[in-house]
Every structure is written in structure tokens, then in C-alpha cells.
Number of protein chains: 2
Amino acid sequence: MSIEAESGTRARTRRAILDAAVTVLSERRTASMSEIADAANVARSTLHRYFADRAELIEALVDNAIARGSAAVQEAALDKGPATDAIRRLALAYFDLGPLMTFLWQELSLDQEDHPFWQKMEAQGDPMTEVVERGLADGSFDPAFEAEWIRHMFWAVVFSTWELVSDGRMARQPAISAMLRTIEKALATEAAGA
Amino acid sequence: MSIEAESGTRARTRRAILDAAVTVLSERRTASMSEIADAANVARSTLHRYFADRAELIEALVDNAIARGSAAVQEAALDKGPATDAIRRLALAYFDLGPLMTFLWQELSLDQEDHPFWQKMEAQGDPMTEVVERGLADGSFDPAFEAEWIRHMFWAVVFSTWELVSDGRMARQPAISAMLRTIEKALATEAAGA
DNA sequence: GAAAAATAAGACAGAGCTGTCCTATTACGG
DNA sequence: CCGTAATAGGACAGCTCTGTCTTATTTTTC
């Protein structure tokens, strides 16, 4: 009944395109439509039939990223247990998003200002901000850090860990361990003052 | 006598172009030659007379970045004093490079593999690697981290701090303090094991 | 102030990407 | 098995960027 009553074929092709696009664009955000079509094993004309514009494709990718990102956050159940553990789960969940994270990161650092991503995120609440503020409030996170700083650094560490692993400069497991350890140590409230 | 016996005028124009290019390209690495020329207050034809190719311009920028980066590293005197202090000085020195850092970061994450930058860096030794290994050897840095990890994380934190400051999401001083504190805490050898 | 150096301004062809369109095949579903 | 849906493969014009050139104009420099 919905407008989205696509035939199985269409849905499958659409997925293939979106997946290929994330992969290709995460490596080079200026990749041409041809390259994306090739990566999806689809003719360029087909790609354009699914997404008339490049802009339209990007928007769909952002929506997709938001959907998967939200799912990851849901799964991390950030409101359960100590903030320290929650943010640990979040790091793992984000890390698993892989190239999708790279795509978003690059996409967002383009028009820094009010990217549609943030508007759409705000519209559905931001559990990340909540857990950071919870940790600061209950003393599990170092009060010397602003929430903004923690959010930004968290992304930077998780993203760049992914980068390190994805181009083979470090093995997955050691990198993940180091990532968690880094976040944990950096955020920890110091027993003996600095 | 040298081939580089440029008139003062040429040297000045060249500098203006290089500076403008760093600024523009650090914000968008696909900026056109026209945009760069405009930013340098120079006709596009003039730009092309100084740098025939885009490739030639980029190469000059990389050389420039290496020169300034090396100077910064020199100034940080990484071989003096405790490794912890040395890496702290290095962070400040790199931070001061500003947009030049952004340019390099973006440039390097393009053709990840064997970018000319690394070749040229190797040719002149890498004090960063030395100080990291020194810190690991003498127990000032957490032995749970590989040198590769420390190097990568260090860059990620410094760079993303610059990013945070440069687009006005955080004030300079608090950001720098947080950056140093983060690096210090992350690298510190833990008194009581994890 | 005159010769030389450097620049601005713009014309130009070649290349690549984009978005649209059309036609011949191929795959799907009833 | 037949009709429909979906695709592949190209042709096409419009656009932007690039690199090269040429010709005036301005700025140094002596």
C-alpha cells in the first residue's frame, strides 16, 4: 500500500547501489557517478534512475547512515549501567559501522555548519550527548573536560582507529583494545590530581 | 648564482600563492586553480606561470609543509628532557602549524600508500618515532600501546583539536589544555594496573 | 624616464563529469 | 510462456576545469 511497495528486485538493486556508494565514497568523496555505478555492478543509467541527482544519492546515504547509526546506538543501550561501560559499548558499536563512519566523517567535515545530518539527528534526540553528560554529572568522567571536547575526541579516536585498521596498518584486535584503553584512560577521573 | 636567484618580487608572489593555497586547500582539497589564484589575489595565468601543473603546486606545498614541520620539530627539541615533556612540546608545535596540518592530513589520507611525503620524511629521519620509542623504552609511556598506535593517535588528537578550534566550536586555550591533558593521561603508565 | 620584468585579462581546445534520453536485451512474475 | 519490469549500453549537449597562449598593462629596477 505504501509508496515504497518496491518489487524485491528494486529493493535489492537499491541496496547494492547504496552499499557500493558508501564503500567508494568513503575512500574518495569526489568519486564520479560512473565509479559508483561500476562498483555496484550497475549501468550508470540505472544508477540515475534510482537517484536522479548526485545530491539525491548523498541524501539517501545520509539517511541510511542515520538509520544504521541509530540502530547501533540503540543496541549499545547507553542508558544502562555505568557511563564508562556505556561509552565503551558505543565505541565498539560505532567501530563496527566501518566505512559508513568514514563516509559520514568526510561528509560532515565538508559544510561544517548546519549539515542536514545534524538537523535530522536532533529531531530524534542524541543519546551520545546524554551519556556524556551523565558521566560528567556522576563523576565517572574527568570534570576537566567539556562535553563538546569529549564528544569530538571520542569520534576522532574511534574514527581514526577504524582508519588505521582498514588500511592495514594495524591488526583489528590490538587496535580495538588500544582504542578502548585510550578512551577509558583519557576519560577516567584521576585518583591523584595532575 | 643559484638557479633560485629570484627577484624579491617573484619570491613574494610565490609565497602569497603558497599561503593562499594552503588556506584554500585545507578547507576543500578539490578547490580549483581559479579559487586558489583568487585567494592569492593573482591572475590564474600568473599562478600557472609559477606552477605549471596542479601536481607541481601540490608538490611545492608538500615540500613547504615538510620544511615547516621539520622546523617545528627542531624547535621542540624532542631529544631533551623526559619523553612526556617532549611529546607535549611536539603537540604544541604541531598545533601551531594550523591549516598546514589540515592540508597535510587530507593530502596524506588520499593515496594512503607511499606518498612522496613519507619518502621525503624518511630521508631526513623521524624524531617523532624516536621520541615515542624512547618513551616506551624508559617506561614513561604505557607499554600496552604499540608505537604505531601512539603515533597515529597523537596525530588524530592534535589534528582534530585544531579542527575543533578552527571552526569555532571551542575556544583556543581550553582546547589546548584538554588536548595536552588527553595525551598525557592516555600515554601515562598506570600506577595501579587496569 | 626608459628598458626589463612581472602581471592581468582573456581566448582557446581538450578533457572529464553530469544529467537526460533512447533502444535493444535480459530477467521476473503471474 | 508471455507480457511487463528492469537493465545495459550508448549518444548527446551542457558545464566546469585545465593547461597553453597571446596581448595589453602595470610595476620594478637601474
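In what follows, every heavy atom counts, from backbone to side chain, and hydrogens, waters and symmetry copies are set aside. Everything numeric in this text was worked out from a predicted model, so none of it was measured.
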* Carefully, step by step, assess A/Glu35 and A/Arg28 under the rule salt bridge (Lys or Arg N to Asp or Glu O under 4.0 Å). => CA-CA 10 Å; A/Glu35 293 177 76; A/Arg28 202 160 45 88; 2.5 Å; yes

* Any donor-acceptor N/O pair, B/Thr189 side chain to B/Gly139 backbone, under 3.5 Å -> yes

* To do: Would you check, one step at a time, whether the test side-chain hydrogen bond (donor to acceptor under 3.5 Å, both in side chains) holds for B/Thr182 with A/Trp149?
  => CA-CA 10 Å; B/Thr182 300; A/Trp149 168 265; 3.2 Å; yes

* **Heavy-atom protein contacts under 4.0 Å, nucleotides 17-24 of chain C, coded B base, S sugar-phosphate only, - none** => SBBBB---

* Whole angstrom is fine here: how far is it from CZ in B/Arg12 over to P in D/dT26? => 19 Å

* To do: Give a yes-or-no answer on whether the side chains of A/Ser26 and A/Gln106 include a donor-acceptor pair shorter than 3.5 Å.
  => no

* **Rounded distance (Å) that lies between atom P of D/dA6 and atom CG of A/Asn41** => 19 Å

* To do: Please indicate whether A/Glu56 has more than 12 foreign heavy atoms, meaning atoms of other residues, nucleotides or ligands, lying under 6.0 Å from its CD.
  => yes

* Any B/Tyr50 side-chain nitrogen or oxygen under 4.0 Å from OP1 or OP2 of C/dA6 -> no

* Taking CG from A/Asp38 and C1' from D/dA8, how many angstroms apart are they, rounded to a whole number? -> 12 Å

* Check whether NZ of the Lys or CZ of the Arg A/Arg10 lies under 6.0 Å from the centre of the six-membered ring of A/Tyr50 and within 45 degrees of that ring's axis. => yes

* To do: Let me know the distance between CG of B/Leu47 and P of C/dG10, rounded to the nearest Å.
  => 17 Å

* Asked: In whole angstroms, how far is the P atom of D/dA6 from the CZ atom of A/Arg49?
  -> 7 Å

* May I have the distance from A/Arg10 (atom CZ) to C/dT26 (atom P), rounded to whole angstrom? => 21 Å

* Please step through side chain to side chain contact (heavy atoms under 4.5 Å, CB included) for the pair B/Phe51 and B/Ile58, ending with a clear verdict. => CA-CA 9 Å; B/Phe51 306 98; B/Ile58 299 287; over 6 Å; no

* **CA sep, side-chain torsions, deciding dist, call: A/Asp79, A/Arg134, salt bridge (Lys or Arg N to Asp or Glu O under 4.0 Å)** => CA-CA 9 Å; A/Asp79 50 344; A/Arg134 181 158 66 94; over 6 Å; no

* Asked: Any idea which of D/dA8, C/dA8, C/dC28 is nearest the A/Thr9 side chain?
  -> C/dC28

* To do: Using ring-ring contact (aromatic ring centres under 6.0 Å, His included) as the criterion, list what pairs up with A/Phe95, not counting sequence neighbours.
  => A/Trp162

* Write down the distance between CD1 (B/Ile36) and C1' (D/dT16), rounded to a whole number of angstrom. => 15 Å

* End axis versus end axis in the helix from C/dG1-D/dC30 to C/dG30-D/dC1, the angle rounded to 10°, five pairs used at each terminus -> 40°

